[in-house]
Amino acid sequence: METISARRAARGLPLGRLALTAIAPIAWGSTYYVTREYLPADAALWGGVFRALPAGLILLLVCRRLPQGSWWWRSLVLGTLNIGAFFALVYAVAQILPSSIAATTMAVSAAVLMLLAWPLLGERPTRWPLLGAALGFIGVAIMVFDGQSRINMLGILLSLTAMAISSLGFILAKKWSRGQRILDTTAWQLVAGGLLLLPFAWLIQGPPPALDLPAVLGFGYLSLVATAAAFLAWFSGLRHLPSATVGLLGLLNPVTGVILGTLLAAETLGLQSLGGMAMVLSGVLLGLLAKRAPARISPRDPVHAAAP
């Protein structure tokens, strides 16, 4: 399967696969607005539980398989990086920063995914995706520091921490998931991450917060759409596409956050921010269009080494 994926990547990126993978960053970009507007503040740990555990249990009922062998500890590691710690940090960030700012800082993950994929997967990034990631990073910096609002540096630090640990988790998920069904590994990560958060949420934040109808609907959206469906699409993209390409698609996260924050939350967006968003989109297009050329794969890559 991986050999076939490598051959397809060498011939050109399938638009259907790109569109499917793009569902994830677009859905994730909406989480900041939903969290800030509809979910209870000061409940980051419970927010992570309510988002991860229902999604994981639903997927587990669908796949009807439990981890075996090394996947017990791998699920715990990936569940911590991709789900538990990541969800709690994102929830806290969404309460501290405006939706547009919170989303744009996560765009740095495009470059981080490329850099981590080189030593861990042997996927050597080519020139154009790197230029696209750099252009996106510059665009993010312009959007964040546009002078329209005061920047909470704690929120920026938490957002960058969430980005770093999830990027590592995504690369490890791609490295370890070879030969496993995406549905299974996604379900295991979500359940593990939710269960890991549960005791910390109870000990630190006490009983679960009372939820009104908008909060219930908000958590339902986050769990089913922005978690279950989004992570299936994201891990499917990581399986079949180069990590550099998936990282560039992740730049759609901040664009979605900015648009929703501006249109629905009445967040101001100056000319400088609009220029930064244009640079982010240009970085995505630059990297994706250039990836129509064959990707350079290192012979050390354990996933693609079998490709002739």
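Owing to the predicted nature of the structure, the values given are computational and were not obtained by experimental measurement.
Rounding to the nearest 0.5 Å gives a distance of 4.5 Å between CG of L135 and CE of M279. Between L238 atom CG and T21 atom OG1 the span is 8.0 Å, to the nearest 0.5 Å. Put simply, OH on Y221 and CZ on R51 are 9.5 Å apart, with the number rounded to the nearest 0.5 Å. Summarising the geometry, atom CE belonging to M163 is positioned 11.5 Å from atom CG belonging to L168; distances are rounded to the nearest 0.5 Å. Taking CH2 of W202 as the reference point, atom CG of L198 lies at 8.0 Å (rounded to 0.5 Å).
Residues L89 and L154 share a single hydrophobic cluster, defined by chaining ILVMFWY side chains whose heavy atoms lie under 4.5 Å apart. By the criterion of side-chain heavy atoms lying less than 4.5 angstrom apart, applied directly or through intervening Ile, Leu, Val, Met, Phe, Trp or Tyr residues, V62 is not grouped with I23; the two fall into different hydrophobic clusters. Under the 4.5 Å side-chain heavy-atom criterion for grouping Ile, Leu, Val, Met, Phe, Trp and Tyr, L217 is not connected to F50 through any hydrophobic cluster. One hydrophobic cluster, built from ILVMFWY side chains closer than 4.5 Å, cannot hold both I26 and L20; they sit in different ones. Side-chain heavy atoms closer than 4.5 Å link hydrophobic residues (I, L, V, M, F, W, Y) into clusters, and following such links, even through other members, never connects W176 to L76.
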From CA spacing to verdict: side-chain contact (heavy atoms from CB on, under 4.5 Å), W71, L78: CA-CA 10 Å; W71 266 102; L78 296 179; 3.8 Å; yes

Intermediate values then yes/no, side-chain contact (heavy atoms from CB on, under 4.5 Å), L45 and F87: CA-CA 8 Å; L45 297 178; F87 282 6; over 6 Å; no

Verdict with reasoning, I58 to L224, per side-chain contact (heavy atoms from CB on, under 4.5 Å): CA-CA 9 Å; I58 290 173; L224 296 178; 3.5 Å; yes

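Distance alone, capped at 3.5 Å, is enough to place a donor-acceptor pair between the T31 side chain and the W28 backbone. The backbone N or O of S70 lies less than 3.5 Å from a partner atom in the side chain of W73, making a donor-acceptor pair. Counting only distance, with no hydrogens or angles, the side chain of Q189 and the backbone of N82 share no donor-acceptor pair below 3.5 Å. In this structure a side-chain-to-backbone donor-acceptor pair under 3.5 Å is present from Q95 to T35. Judged by distance alone, the side chain of S159 and the main-chain N or O of G155 form no donor-acceptor pair under 3.5 Å. With hydrogens and angles disregarded, no donor-acceptor distance shorter than 3.5 Å links the side chain of S167 to the backbone of L113. Between the T186 side chain and the L183 main chain, no donor and acceptor come within less than 3.5 Å of each other. Side chain of S223 to main chain of F219: no donor-acceptor pair is present (N/O by atom type, distance under 3.5 Å, no hydrogens or angles).
Between F86 and F170, the two ring planes are perpendicular [angle over 60°; tilted spans 30° to 60°].
Using a 4.5 Å cut-off on side-chain heavy atoms (C-beta onward), L222 and L39 make contact. Side-chain atoms of V34 and L260, non-hydrogen and from C-beta on, never get closer than 4.5 Å to each other. Using a 4.5 Å cut-off on side-chain heavy atoms (C-beta onward), K174 and V246 make no contact. Contact check for T245 versus L18: side-chain heavy atoms found under the 4.5 Å cut-off. Between T256 and P25, the closest side-chain pair of non-hydrogen atoms is not below 4.5 Å.
The shortest non-hydrogen separation linking A44 to A88 is CB-O, 3.5 Å. Among all heavy-atom pairs drawn from D42 and Q205, the shortest one is O-NE2, 3.8 Å. Minimum interatomic distance between P40 and A215 (heavy atoms only, all atoms of both residues): CD-CB, 4.3 Å. Of all heavy-atom pairs spanning A201 and V49, the tightest one is CB-CG2, 4.3 Å. D184 and C63 get closest at one heavy-atom pair: OD1-CB, 2.9 Å. L61 approaches R64 most closely through the heavy-atom pair O-CG, 3.2 Å.
Taking the six-membered ring for Trp and the full ring otherwise, W72 and W188 have centroids separated by 6.0 Å or more.
No hydrogens or angles considered: nothing links the side chains of S177 and R74 as a donor-acceptor pair under 3.5 Å. Residues T185 and Q180 bring no donor and acceptor atom of their side chains to less than 3.5 Å of each other.
Environment of OH in Y38: sparse, with no more than 12 heavy atoms of neighbouring residues, nucleotides or ligands closer than 6.0 Å.
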